[in-house]
Each structure stands twice: as structure tokens, then as C-alpha cells.
Chemist: 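The structure's right below; bear with me while I get my questions together.
Values below: all heavy atoms of this structure, side chains included; hydrogens, waters and symmetry mates excluded. The chain is numbered in sequence order, starting from 1.
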Amino acid sequence: PIGSWGLSIEGHHLSLNFVVKDGKLLSFTPSFFGANPAIVHSHVEGGAPVGTRILDKEEVLAFELLGSLDAEQRRLAVIAEKAPADVRSAGEVQPPQTAPEGLPGKQLKPEQQKTLEALLHTYLDNMPAEIAESRKDEVAKSGLENAYFAWAGADKPGIGHYYRVQGPTYLIEFVNVQPDAAGNPANHSHALWRYLRGDFDLPVK
């Protein structure tokens with residue numbers, strides 16, 4: 001169809017936003033997913049089986065990357081001993097325009113860069129395949145060496161932790177600090193992808 005239009009799908013732990021012009025997708029951000037509980041620890045009649053895990057790769061791959069860092073890499077990557085309460089600029093129209101922090105991608109070893117790439121692809125694979133592939137190309141062209149990986153909080157599950165990856169055009173953030181409804185600590189995840197040049201196809205002012 002000719003013309004511009006948008007689609008927004010909103011839920012407590014879901015926010016999907018698309019902008020289309022003349023049949024071409026211009027924007028798919030912000031894209032937000034959450035899970036509470038992140039891992040099902042207790043049996044509930046009619047509920048998901050114990051051990052079911054949501055947003056697992058988004059968390060596991062980040063822990064793998066953190067665990068692979070040597071002492072100097074880790075010194076750069078860890079930006080705070082305590083994780084923030086939530087992702088930054090939650091609910092705001094545009095993502096934060098702060099300078100990247102953490103470990104530069106150019107200081108990652110080849111295998112570490114592969115883990116970082118897999119982490120980025122995990123977020124994009126939450127989108128329809130056509131969108132995911134086009135954005136993977138964009139990420140590749142921007143260069144993993146130009147991305148930054150930053151971590152805050154605990155270096156093991158079950159204790160509050162947070163990370164972000166900031167590239168030239170994109171920003172992902174993940175935080176898991178809140179308890180689930182049963183009181184299990186750090187079992188409530190928030191994950192999002194934002195476009196630094198402007199979400200909703202709106203230019204950053």
C-alpha cells in the first residue's frame with residue numbers, strides 16, 4: 001500500500017513497533033521482550049513445565065562472553081558493581097544518546113566476536129526472518145569492532161545483572177534484577193533493541 005503507517009503491539013512484557021512507508025519497512029524499534037519468571041522453578045497446574053526458560057539465549061550468551069574475557073578485557077567491560085534497576089530510558093520516545101561504555105569490540109578475540117555476533121543475532125531473530133536478515137546485514141556492515149560490550153552487577157545467574165551492547169546505529173540492553181512472583185531473586189528479565197538514529201522512524205532531536 002502507498003503511504004505511511006505504523007503498527008504497535010503492546011503488552012506488559014511485550015512492545016513491538018513497526019513503521020512502513022509505501023510498502024517498505026523503515027523501522028522495527030523499539031523492540032522489547034520481558035519474562036517473569038525467566039526460568040520456571042515451581043510447578044503450577046496448567047502452567048509451563050519446571051525448567052522452561054524464556055529469553056535464555058539473550059542471557060546465556062552474554063554470560064558466556066563475560067566469562068571468556070581476560071582480566072584486562074573484564075576491567076574495561078565491567079562498568080559498575082551493581083546492576084541498575086531497569087533498562088535506561090524506559091518508556092521514552094528515543095534511546096539515550098550517551099557515548100558507548102565498556103569493552104570495544106576491536107579488543108575482542110575472534111571467538112569472542114563470534115559470541116557477540118550470536119548475541120546480536122539472537123535479538124534480531126525475534127523478528128520475522130526478512131527483517132532479521134536485513135538488519136543482520138546492517139550490523140555486519142557497521143562492524144563488530146565498532147561495538148562496545150558493557151556489564152554491571154553479578155557475574156553469575158540468580159543475582160542482579162545487566163549488560164548492553166552499543167554499536168554505531170543500535171543499542172541492546174538486558175537487565176535481570178527483580179524477583180519473580182514466587183520470590184526467586186533475579187528471575188525477571190527485560191530485553192530490548194533500539195535504533196540510535198531514531199526509534200519509530202523519528203529523527204533524534
Side-chain angles (χ1 to χ4, degrees), residues 1-36 38 48 52-65 87-97 100 105-106 108 110-150 162-176 189-205:
I2 303 300
S4 300
W5 58 279
L7 172 66
S8 180
I9 302 171
E10 298 291 339
H12 179 70
H13 270 154
L14 179 68
S15 180
L16 300 177
N17 301 278
F18 305 92
V19 177
V20 177
K21 182 176 182 180
D22 298 337
K24 180 181 179 180
L25 179 72
L26 299 182
S27 174
F28 72 102
T29 61
S31 171
F32 168 84
F33 294 86
N36 180 15
T52 298
R53 187 167 186 175
I54 308 298
L55 301 176
D56 55 335
K57 290 183 179 179
E58 289 85 344
E59 192 164 33
V60 170
L61 286 169
F63 272 121
E64 285 183 7
L65 181 55
V87 295
R88 299 174 302 158
S89 301
E92 295 185 15
V93 174
Q94 297 296 0
Q97 296 295 312
K106 62 185 178 183
L108 291 173
E111 287 302 312
Q112 294 171 330
Q113 285 198 356
K114 288 182 180 179
T115 303
L116 176 60
E117 182 180 56
L119 178 61
L120 291 168
H121 286 188
T122 294
Y123 279 76
L124 292 174
D125 283 337
N126 290 327
M127 293 290 107
E130 184 177 352
I131 298 174
E133 291 307 313
S134 68
R135 294 317 189 264
K136 287 177 185 178
D137 288 343
E138 181 181 328
V139 167
K141 289 177 182 177
S142 71
L144 289 175
E145 68 276 9
N146 297 315
Y148 285 73
F149 175 69
Y162 162 94
Y163 71 83
R164 67 176 175 262
V165 180
Q166 184 167 333
T169 62
Y170 58 87
L171 170 70
I172 67 173
E173 293 194 40
F174 179 99
V175 63
N176 188 348
S189 302
H190 289 172
L192 84 162
W193 181 289
R194 305 198 74 168
Y195 189 55
L196 291 174
R197 293 179 180 171
D199 286 333
F200 303 102
D201 193 42
L202 297 173
V204 174
K205 296 180 179 180

Chemist: Measure the spacing between CD1 of Ile131 and CG of Asp125 and express it to the nearest 0.5 Å.
Modeler: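 It is 12.0 Å, given to the nearest 0.5 Å.
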Chemist: Has Gln94 got a side-chain atom pairing as donor or acceptor with Leu202's backbone, closer than 3.5 angstrom?
Modeler: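 Flag set: sc Gln94 to bb Leu202 pair under 3.5 Å.
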Chemist: So among Leu171, Val165, Leu120, which one has a side chain to side chain contact (heavy atoms under 4.5 Å, CB included) with Trp193?
Modeler: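 That would be Leu120.
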Chemist: Which pair of non-hydrogen atoms, one from Leu116 and one from Ala147, has the smallest distance, and what is that distance?
Modeler: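 Of all heavy-atom pairs spanning Leu116 and Ala147, the closest is CD2-CB, 4.3 Å.
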Chemist: Could you go step by step and tell me if Arg88 and Tyr162 meet the side chain to side chain contact (heavy atoms under 4.5 Å, CB included) rule?
Modeler: CA-CA 11 Å; Arg88 299 174 302 158; Tyr162 162 94; 3.8 Å; yes
Chemist: Nearest 0.5 angstrom please: Arg194 CZ to Ser27 OG, how far?
Modeler: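 Going from CZ on Arg194 over to OG on Ser27, the span is 10.5 Å.
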Chemist: Is a side-chain N or O of Gln113 found less than 3.5 angstrom from the main chain of Gly105, in a donor-acceptor match?
Modeler: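 It does hold such a pair.
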Chemist: Give me the atom names and distance for the closest heavy-atom approach of Lys57 to Thr122.
Modeler: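 The pair with the smallest heavy-atom distance is CB-CG2, 3.6 Å.
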Chemist: Supply the atom-to-atom distance Arg53 CZ to Ser189 OG, rounded to the nearest 0.5 angstrom.
Modeler: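 Arg53 atom CZ to Ser189 atom OG measures 8.0 Å (nearest 0.5 Å).
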Chemist: Would you call the rings of Phe32 and His190 parallel, tilted or perpendicular, where under 30° means parallel and over 60° means perpendicular?
Modeler: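 Because their plane-to-plane angle is over 60°, the rings of Phe32 and His190 count as perpendicular.
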Chemist: Is a side-chain donor or acceptor of Asn17 paired with a backbone partner of Phe28 at a separation under 3.5 angstrom?
Modeler: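 It does not hold such a pair.
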Chemist: Quick one, Leu108 and Leu65 - any side-chain contact, counting heavy atoms below 4.5 Å?
Modeler: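 They are in contact (side-chain heavy atoms under 4.5 Å apart), so the answer is yes.
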Chemist: Walk me through whether Lys141 and Glu138 qualify under salt bridge (charged side-chain N to carboxylate O under 4.0 Å, His left out).
Modeler: CA-CA 5 Å; Lys141 289 177 182 177; Glu138 181 181 328; over 6 Å; no
Chemist: In plain terms, say whether Glu133 and Lys136 are close enough for a salt bridge, that is, a side-chain N and a carboxylate O under 4.0 Å apart.
Modeler: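 Salt bridge: yes.
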Chemist: So, do Phe18 and Leu16 sit near enough that their side-chain heavy atoms are less than 4.5 Å apart?
Modeler: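 The answer is yes; the side chains approach within 4.5 Å.
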Chemist: Assess, by modelled atom type and distance only, whether the side chains of Glu58 and Tyr123 contain a donor and an acceptor separated by less than 3.5 Å.
Modeler: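 Per modelled atom types, Glu58 and Tyr123 side chains form no pair under 3.5 Å.
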Chemist: Test of understanding: with side chain to side chain contact (heavy atoms under 4.5 Å, CB included), list the residues that count as partners of Pro168, not counting sequence neighbours.
Modeler: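 Pro168 satisfies side chain to side chain contact (heavy atoms under 4.5 Å, CB included) with Ser142, Asn146, Tyr170 only.
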Chemist: Once rounded to the nearest 0.5 Å, what's the spacing between atom OH of Tyr163 and atom CG of Asn176?
Modeler: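 Atom-to-atom, Tyr163:OH and Asn176:CG are 10.5 Å apart.
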Chemist: Is the side chain of Glu117 donor-acceptor paired with the backbone N or O of Leu144 at a distance under 3.5 Å, no angle test?
Modeler: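 Judged by distance alone, no pair lies under 3.5 Å.
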Chemist: Are more than 12 heavy atoms, taken from residues, nucleotides or ligands other than Glu10, located less than 6.0 Å from that residue's CD atom?
Modeler: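 Yes, enclosed.
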Chemist: For a side chain to side chain contact (heavy atoms under 4.5 Å, CB included) with Pro95, tell me which candidate from Asp199, Val87, Leu192 qualifies.
Modeler: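 The passing option is Asp199.
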Chemist: Could you grab the distance from atom OG1 of Thr169 to atom CG of Leu196, nearest 0.5 Å is fine?
Modeler: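 Thr169 OG1 to Leu196 CG: 7.0 Å, rounded to 0.5 Å.
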Chemist: Once rounded to the nearest 0.5 Å, what's the spacing between atom CG of Leu55 and atom CG of Asn126?
Modeler: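 One finds 7.0 Å between CG of Leu55 and CG of Asn126.
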